[in-house]
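Per chain, numbering begins at 1; letters A, B, ... match sequence-line order.
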Amino acid sequence: MLDIRWIRQDAEAVNAGLKRRSLHLSVDAIVALDNQRLALLQEEETLRSQRNALSKEVGQRKSKGENADELMAQTKAIAERIKILEADKDALEVQQNALLLDIPNIPSMQSPVGADENANVEVRRWGDELKNRAPKDALAHWDLGPAMGMLDFERGVKVAQSRFTLQRGWGAKLSRALINFMLDTHEGLGYEELRPPYLVNADAMKGTGQLPKFEADMFRCQDDALYLIPTAEVPVTNLYANEVLLESQLPFCFSAYTPCFRREAGSAGRDTRGFIRQHQFDKVELVKLTTAEQAEAEHLKLVADAERILQLLELPYRAMELCTGDMGFSAQRCFDLEVWLPGQQAYREISSCSHFGDFQARRAGLKYRSEATNKLEWCHTINGSGLAIGRTVVAILENYQLPPDAQGRYRVAVPTVLQPYLKTEILEATEAVHPFGVVESDSSLTLLQGAEKGRVNV
RNA sequence: GGAGAGGUGGCUGAGUGGCUGAAAGCGGCUUCCUGCUAAGAAGUUAUGGGGUGUUAAGCCCCAUCGGGGGUUCGAAUCCCCCCCUCUCCGCCA
């Protein structure tokens with residue numbers, strides 16, 4: 001949320017900032033509402049002041065045994081006027097707040113100006129020499145994953161709906177290994193590991209900027225006022241909402257693995273194949289709470305920490321600085337990391353690292369006490385994926401695939417850093433313990449029996 | 001889910017209708033004193049908003065005692081709803 005006083009004092013600058021996002025948005029209506037609101041506020045406060053003085057006198061007279069009926073009648077009349085003014089003012093506030101919450105953050109002056117992703121700027125590229133590691137006829141992960149018994153698209157859809165995928169065998173273990181590897185690595189880089197709730201309330205969603213504007217992108221519980229988190233950013237950034245931190249404690253650096261749930265409203269038809277755009281996916285998120293002074297350096301460090309994962313996994317990638325028009329709603333500066341996918345001969349986003357300035361902090365009530373002035377200041381918030389697990393699985397399948405063995409079975413090499421986690425150097429296509437490919441409908445009985453046998457009372 | 005007890009300032013904790021934006025203690029800050037790894041004295045110390053100042057200090061006003069509504073001339077205090085915490089019971093991995 002932008003500072004209403006800044007908007008009031010320099011609406012032109014705010015409008016210019018919004019224009020850099022290529023948005024047809026202006027805060028003029030907010031300023032107009034604010035003027036009306038302030039006029040009512042002042043009138044109301046004057047009346048309140050009168051009422052307070054009068055009712056105090058009533059008390060004094062009564063304690064002396066004097067009559068105060070006339071004063072009481074006066075005060076009552078004032079109270080009634082206050083009530084009316086207050087209702088008008090509240091209505092204006094509701095309107096103004098609704099508008100204000102829908103205004104995105106103003107991009108940093110450092111961000112390249114542009115309308116869409118075509119104006120993003122490549123700032124770094126790593127691992128070009130590794131781009132040809134995969135065979136020339138490398139399979140895309142949506143073919144390789146099912147062929148190796150790792151990704152089962154049909155059965156994910158069956159038990160949920162489209163864009164839900166079942167991971168099994170090595171496919172499940174690879175994700176688990178990646179989660180552990182990333183969390184371990186980030187711990188070494190100074191992040192405290194968290195396990196936050198996966199459901200959050202509307203306040204938290206508002207704090208990080210998902211609500212009210214992006215309600216349609218969220219999964220919501222029907223009988224409880226709770227939402228499934230679209231990213232660990234939401235619970236983790238809101239952890240200290242409405243608390244006051246000490247400057248000496250900052251920055252706070254957290255890492256958190258969570259599943260993420262997104263309705264992907266408006267993305268119909270995009271990335272419908274494969275494991276790239278799912279309603280549910282795993283992600284290790286990095287979140288920092290910092291002072292204004294620390295923020296830029298901590299942001300760049302966080303980007304480097306996310307890159308470190310790609311480097312350790314030896315996955316070729318490039319770092320893009322997002323232009324003003326391509327940045328998320330709450331961000332003021334953002335870098336995306338894009339991993340190379342040989343199966344598609346393209347770079348695909350695998351991490352997005354944003355600095356939000358005090359935009360989220362204002363919404364969430366994140367403050368710290370400044371050591372220099374002893375006053376309360378807004379925190380700055382920073383976060384980024386470190387990394388998206390599902391897309392890392394995709395990148396490993398596509399980059400590390402090996403030529404089929406003598407029997408024509410597919411194989412995928414294991415990145416060196418993951419070998420201790422997976423306890424193998426090569427992932428081989430496996431016959432699933434339970435039938436994986438086409439199963440005749442009759443044999444569904446077999447499946448059930450298998451499940452029964454393995455059942456344990458926990 | 002049922003029953004009971006609670007939610008007050010950075011913390012502990014008083015406060016059942018006006019003199020309480022809030023006692024007291026702790027902590028923090030400032031000054032003074034003491035020649036010592038500490039103690040003492042005095043003062044000061046909530047947040048947000050509005051107004052007035054050079055978008056300084058200061059001053060004035062309004063709001064805030066979990067959240068929202070109500071009663072009243074006047075509410076931390078009375079009433080209603082909700083949220084949260086604790087204890088016991090129930091249920092449950």
Visitor: Please enumerate all protein N or O atoms sitting under 3.5 Å from an N or O of nucleotides 46-52 of chain B, with distances to 0.1 Å.
Guide:
| from | atom 1 | to | atom 2 | distance (Å) |
| --- | --- | --- | --- | --- |
| B:U47 | OP1 | A:R369 | NH1 | 3.4 |
| B:G49 | OP1 | A:R5 | NH2 | 3.0 |
| B:G49 | N2 | A:E45 | OE1 | 3.2 |
| B:G49 | N2 | A:E45 | OE2 | 3.4 |
| B:G50 | OP1 | A:R8 | NH1 | 2.8 |
| B:G50 | OP1 | A:R8 | NH2 | 3.1 |

Visitor: CG of A:L40 versus C1' of B:A63: gap in Å, rounded?
Guide: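 Atom CG in A:L40 sits about 16 Å away from atom C1' in B:A63.
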Visitor: Does A:L286 reach the side chain of A:N383, with side-chain heavy atoms less than 4.5 Å apart?
Guide: no
Visitor: Are the side chains of A:D34 and A:I7 in contact, using a 4.5 Å heavy-atom criterion?
Guide: no
Visitor: Just jot down the ring-ring contact (aromatic ring centres under 6.0 Å, His included) partners of A:F214, sequence neighbours excluded, or say none.
Guide: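 ring-ring contact (aromatic ring centres under 6.0 Å, His included) check on A:F214 returns A:F329.
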Visitor: For atom CZ of A:R277, is the number of surrounding heavy atoms from other residues, nucleotides or ligands below 6.0 Å larger than 12?
Guide: yes
Visitor: Which pairs pass salt bridge (Lys or Arg N to Asp or Glu O under 4.0 Å) with one or both residues in residues 177-200 of chain A, sequence neighbours excluded?
Guide: none
Visitor: Does B:G53 adopt a syn or an anti glycosidic conformation, taking syn as a chi angle within 90° of 0?
Guide: syn
Visitor: State the pairing partner of B:A56; accept Watson-Crick or G-U wobble contacts with both distances under 3.5 Å, and report none otherwise.
Guide: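 With both distances under 3.5 Å required, B:A56 matches none.
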Visitor: Who does B:A75 pair with, Watson-Crick or G-U, both distances under 3.5 Å?
Guide: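 Check on B:A75: unpaired, no WC or wobble geometry under 3.5 Å.
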Visitor: Going by salt bridge (Lys or Arg N to Asp or Glu O under 4.0 Å), name the pairs with one or both residues in residues 10-28 of chain A, residues two or more places apart or in two chains.
Guide: none
Visitor: Give A:D69 one of three labels, base, sugar-phosphate or nothing, depending on what nucleic acid heavy atoms sit under 4.0 Å from its own.
Guide: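 Touches nothing.
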Visitor: Quantified in whole Å, what is the P atom distance between nucleotide B:G21 and nucleotide B:A63?
Guide: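 Going atom to atom, P in each nucleotide, I get 11 Å.
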Visitor: Suppose you measure atom P in B:G6 against the same atom in B:G10; what distance do you get, rounded to whole Å?
Guide: 24 Å
Visitor: Does any nucleotide pair with B:A24 by Watson-Crick or G-U wobble geometry, both distances under 3.5 Å, and what is it?
Guide: B:U12
Visitor: Between A:R61 and A:E57, does at least one N-O distance fall below 4.0 Å, as a salt bridge requires?
Guide: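 A:E57 and A:R61: salt-bridged.
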Visitor: State, yes or no, whether a side-chain contact exists between A:T381 and A:L289 at a heavy-atom distance under 4.5 Å.
Guide: yes
Visitor: Are the side chains of A:L239 and A:L194 in contact, using a 4.5 Å heavy-atom criterion?
Guide: yes
Visitor: Whom does B:C88 pair with, Watson-Crick or G-U wobble, provided both distances fall under 3.5 Å?
Guide: B:G2
Visitor: How close or far is atom C1' of B:U54 from atom CD of A:Q9, stated in whole angstroms?
Guide: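 About 14 Å, once rounded to whole Å.
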Visitor: For A:E93 and B:G68, give me the distance from atom CD to atom P, rounded to whole Å.
Guide: 12 Å
Visitor: Could you encode protein contacts along nucleotides 70-78 of chain B as a string, one character per nucleotide from 5' to 3', using B for base contact, S for sugar-phosphate-only contact and - for no contact, with a heavy-atom cut-off of under 4.0 Å?
Guide: -S-BS----
Visitor: Would you mind pulling out the nucleotide paired to B:G48, Watson-Crick or G-U wobble, both distances under 3.5 Å?
Guide: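 Across any shown strand, B:G48 pairs with B:C62.
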Visitor: Distance check, P atoms only: B:G51 and B:G67, in whole angstrom units.
Guide: 25 Å
Visitor: Between B:U71 and B:C79, how many Å separate the two C1' atoms, rounded to a whole number?
Guide: 7 Å
Visitor: Is there a side-chain contact between A:S49 and the phosphate of B:C62, meaning an N or O under 4.0 Å from OP1 or OP2?
Guide: yes
Visitor: Please give the distance between the C1' atoms of B:U8 and B:C65 as a whole number of Å.
Guide: 4 Å
Visitor: For A:N201 and B:G67, what is the distance between atoms CG and P respectively, to the nearest whole Å?
Guide: 16 Å
Visitor: Holding to salt bridge (charged side-chain N to carboxylate O under 4.0 Å, His left out), I want the full list of residues that pass it with A:K89, two or more places apart in sequence or in another chain.
Guide: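 Expected list: A:E44.
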Visitor: Between atom CD in A:Q50 and atom C1' in B:C60, what is the gap in whole Å?
Guide: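 Spelled out: CD on A:Q50 to C1' on B:C60 is 15 Å.
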Visitor: Could you measure between the two C1' atoms, the one in B:A23 and the one in B:U31, and give it in whole Å?
Guide: 26 Å
